[in-house]
Amino acid sequence: MSSFSITLPDGSQKSAAPGERPLDVALAISPRLADAAIVARVNGALWDLTRPFDGDATLEILTAKNPEALEVYRHSTAHLLALAVLELYPETQLGIGPPIDTGFYYDFDRPVPFTPGDLEKIEAKMWEIQARDLPFERVLTRKDEGLVKYGDMWMKAELIQERADEIFSEYTLGPGFIDFCRGPHVPSTKKLKAFKLLSIAGAYWKGDEKRKQLQRIYGTAFFTKKEQDEHLARIEEAKRRDHRKIGAELDLFSIQELAGPGLVFFHPKGGIIRKTLEDWMREAYLQRGYSLVYTPHVARVDLWKTSGHFGFYKENMFTVMALDDAEYQLKPMNCPCHILVYARKPHSYRDLPQRLGELGTVYRYERSGTMHGLMRVRGFTQDDAHIFCTPEQIEDEIVSCLEFAQDTLKTFGFEKYKAEISTWDGGASGKYDGAPEQWQLAENALRRAVEKLGIEATVVTDEAAFYGPKIDMKLVDAIGRLWQLSTVQFDFTLPRRFELEYIGEDGKKHQPLMVHRALFGSIERFFGILIEHYAGAFPVWLSPVQVAVMPITDKQLDYARQVAKELESDGVRVYLDDRNEKVNLKIRDAQLQKIPYMLVCGGREAEQGTVSVRHRKHADQGVKPLAEFRDQIKQLIATRANND
RNA sequence: GCUGGCGUAGCUCAGCUGGUAGAGCAUCUGAUUUGUAAUCAGAGGGUCGGGGGUUCGAUCCCCUCCGCCAGCUCCA
């Protein structure tokens, strides 16, 4: 048989005899490349380095530099985990073991749950196997044979039944392990140099809560120990910034058992921050042509029946309260209330757009295991607005919503974000409401708006809400995490259900377009994100206490009072630390409370009308006249500076 | 809701195989008058998450409820 022609990415060609593998080609190019190789790309698809060519091909050798290689590497580590578990606990049944963003997991079915101690044993076993340098080998099997072979492994058998082709691939790892798997994998366990098991958790088979719950072991894996250590350090950093921890340390908020889970109490210090957020948002509403409305927290069930929430959202609503005149329910969304405000009277096209905004508090029944600090709660306040407009106006409205969102992100110190347009499936499934023309119009408006603003947006098909397409802004925080925040979404359903209309230029009735938008998302969640973003060290304008004034002895108490009073008269939030304590302690406490500025007032300062300024981050800033400091801090507050 | 772990003073935690609880910080009182991350001393404070059971006796063992944590499912 003649040899195959292998084309490399640079266009050069090599010939390969039948039976030769990508690894051989890599070796021929350079031993170092062969050593660095993780996986190959052959004719555009990922291949094992040790899988022989079956014809002419294009070949790319992937190394640690390629993100796809990392996925393969982690997938192989998952197999290593499965083998370790089987060697230690042979009765275990295997589910699936894919790579994920930060590592991998493997799902197991085992009568006895794993314990944290088992995790250590399993990891030790993994290293032991790694040292054996076992090869990952691809084996082809016929489906009917496979079903017999995996007959006593219920999950694998189910997967083969559903997914396998007539001939499918399996991967062995040493003599005792074989797994139904598409692959590819690294050549051998020796390639796996940095991994660590992290946690055990329950997970439903195929993500279906009606199916059996399995035990999932999570792990992380990187090409080098260094990268892995950096990743583990990031996890530690995230823990350090946890808003629940900082919220307690800085006395910002609490959730109280007596009142119930998912219900947030803002303490004085959290309250002042919330007020600052709310004031900014309300002011922005008015500046941008929104009207402020206020609507009730409860309404008759009839309203929720008309809106449809009583049907499709019932699971998430607090149960019905029966009063003597009718049944009532807490509002889970503001939309129906804003619609009632719109629908109170006929509208001319001249009145449009109507932008009705509210900081609207809603209550949703979240299942007990799903609450998380401020991020997921049962009662929360949305910065919610609904825009009612004509088709001609829609594009401008979307553009200004997105500008508003950008301004919000920037104001609160988020430089980076990602945008995502979610569209429907073209009507294929029938699960989406609204006419195709409406979807078309809306999607075009979203696309043109992001284009106009030069925002890069990815489009995801079949991810829209059933009532309309949307665009979401996800922010990137100080340590690179992504948070879903602002959302701008169309709603084709509610205007129809409530029979909304306006009188057009032609004197006829038309249905207005309705856009729902929230920029903070929820004030509680946004507050939580802010806490983590700044790690509690809020910029001056948001800090609950902006300045701590600390007299050195009680001889300077009068002067310190005067300093505090002058700053307060400018609206600065001041804490006068008049405790009979040493400055060292006062500074320590102020630092721990992350108060931006500390003003030490001793005898010299009192005499000269100065203050000794200390910044929480830049430490001692030297002595300044009080007036100078006042101007400085007033400037920082007025400009909502993010750096101080 | 599910799986697993956990629940001891306001906070962080100790308490050997069951014999009715202890430290540091915080709080209060007193002393000290202090110069850029913890001055010293004394005092008060807990029905050991709630309820039930086993036992002569339960913070410890069992049951049940509540809550928290990590995931799953869902989601602003």
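Throughout, protein chains are lettered first and strands after them, A, B, ... in sequence-line order, and every chain is numbered starting at 1. Keep in mind the model is a prediction, meaning the values are calculated, not measured.
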Checklist entry - Contact class for A:Asp620 (heavy atom, under 4.0 Å): base, sugar-phosphate, or nothing? => result base
Checklist entry - Has the side chain of A:Gln213 got a donor or acceptor atom sitting under 3.5 Å from an opposite partner on the base of B:rC2? => result yes
Next on the checklist: What contact category does A:Val583 fall into here, base, sugar-phosphate, or nothing, at under 4.0 angstrom with non-hydrogen atoms?
Outcome noted: sugar-phosphate
Next on the checklist: For a quick check of understanding: with a heavy-atom distance under 4.0 Å over all strands, which category does A:Leu585 fall into, base, sugar-phosphate or nothing?
Outcome noted: sugar-phosphate
Checklist outcome for this item: To the nearest 0.5 Å, atom OG1 of A:Thr102 lies from atom CD of A:Gln228 at 11.0 Å
Next on the checklist: What contact category does A:Arg244 fall into here, base, sugar-phosphate, or nothing, at under 4.0 angstrom with non-hydrogen atoms?
Outcome noted: sugar-phosphate
Next on the checklist: Taking 5.5 Å and 30° as the limits, would you call A:Phe114 and the base of B:rG4 a stacked pair?
Outcome noted: no
Checklist entry - Choosing from B:rG1, B:rU39, B:rA37, which nucleotide comes nearest the side chain of A:Arg367? => result B:rG1
Checklist entry - So does A:Glu366 reach the base of B:rA76 with its side chain, donor to acceptor, closer than 3.5 Å? => result yes
Checklist entry - Counting side-chain heavy atoms from C-beta on, which of B:rG35, B:rG71, B:rA38 comes nearest to A:Arg588? => result B:rA38
Checklist entry - Is it true that A:Glu249 and A:Lys594 have a side-chain N and a carboxylate O under 4.0 angstrom from each other? => result no
Checklist entry - A:His309 vs A:Tyr313 aromatic rings, parallel, tilted or perpendicular, using cut-offs 30° and 60°? => result perpendicular
Next on the checklist: Centroid separation under 6.0 Å, is that true for the rings of A:Phe414 and A:Trp483?
Outcome noted: no
Checklist outcome for this item: Answer for the Watson-Crick or wobble partner of B:rA38, both distances under 3.5 Å, is none
Next on the checklist: So if I take every side-chain heavy atom of A:Leu592 and compare against B:rA38, B:rU34, B:rA37, which nucleotide ends up nearest?
Outcome noted: B:rA37
Next on the checklist: Please classify the nucleic acid contact of A:Val377 as base, sugar-phosphate, or nothing, using heavy-atom distances under 4.0 Å.
Outcome noted: base
Item to check | Straight-line distance of A:Gln489 CD to A:Ile398 CD1, nearest 0.5 Å | outcome: 10.5 Å
Checklist outcome for this item: Expected string for nucleotides 40-49 of chain B under the B/S/- scheme (protein heavy atoms, under 4.0 Å, primed atoms plus P, OP1, OP2 as sugar-phosphate) is ----------
Checklist entry - With a 3.5 Å cut-off and just heavy-atom distances, do the side chain of A:Glu605 and the base of B:rG35 make a donor-acceptor pair? => result yes
Checklist entry - With a 3.5 Å cut-off and just heavy-atom distances, do the side chain of A:Arg216 and the base of B:rC72 make a donor-acceptor pair? => result no
Item to check | A:Thr553, nearest nucleotide to its side chain (from B:rU34, B:rG67, B:rU39) | outcome: B:rU34
Checklist outcome for this item: Testing B:rG1, B:rU34, B:rA76 for proximity to the side chain of A:Tyr204, the answer is B:rG1
Checklist outcome for this item: Looking only at B:rA37, B:rA76, B:rA70, the nucleotide nearest the A:Asn584 side chain is B:rA37
Checklist entry - What class does the angle between the rings of A:His231 and A:Phe222 fall in, given that below 30° is parallel, 30 to 60° is tilted and above 60° is perpendicular? => result tilted
Item to check | Aromatic plane relationship, A:Trp280 with A:Phe520 - under 30° parallel, 30 to 60° tilted, over 60° perpendicular | outcome: tilted
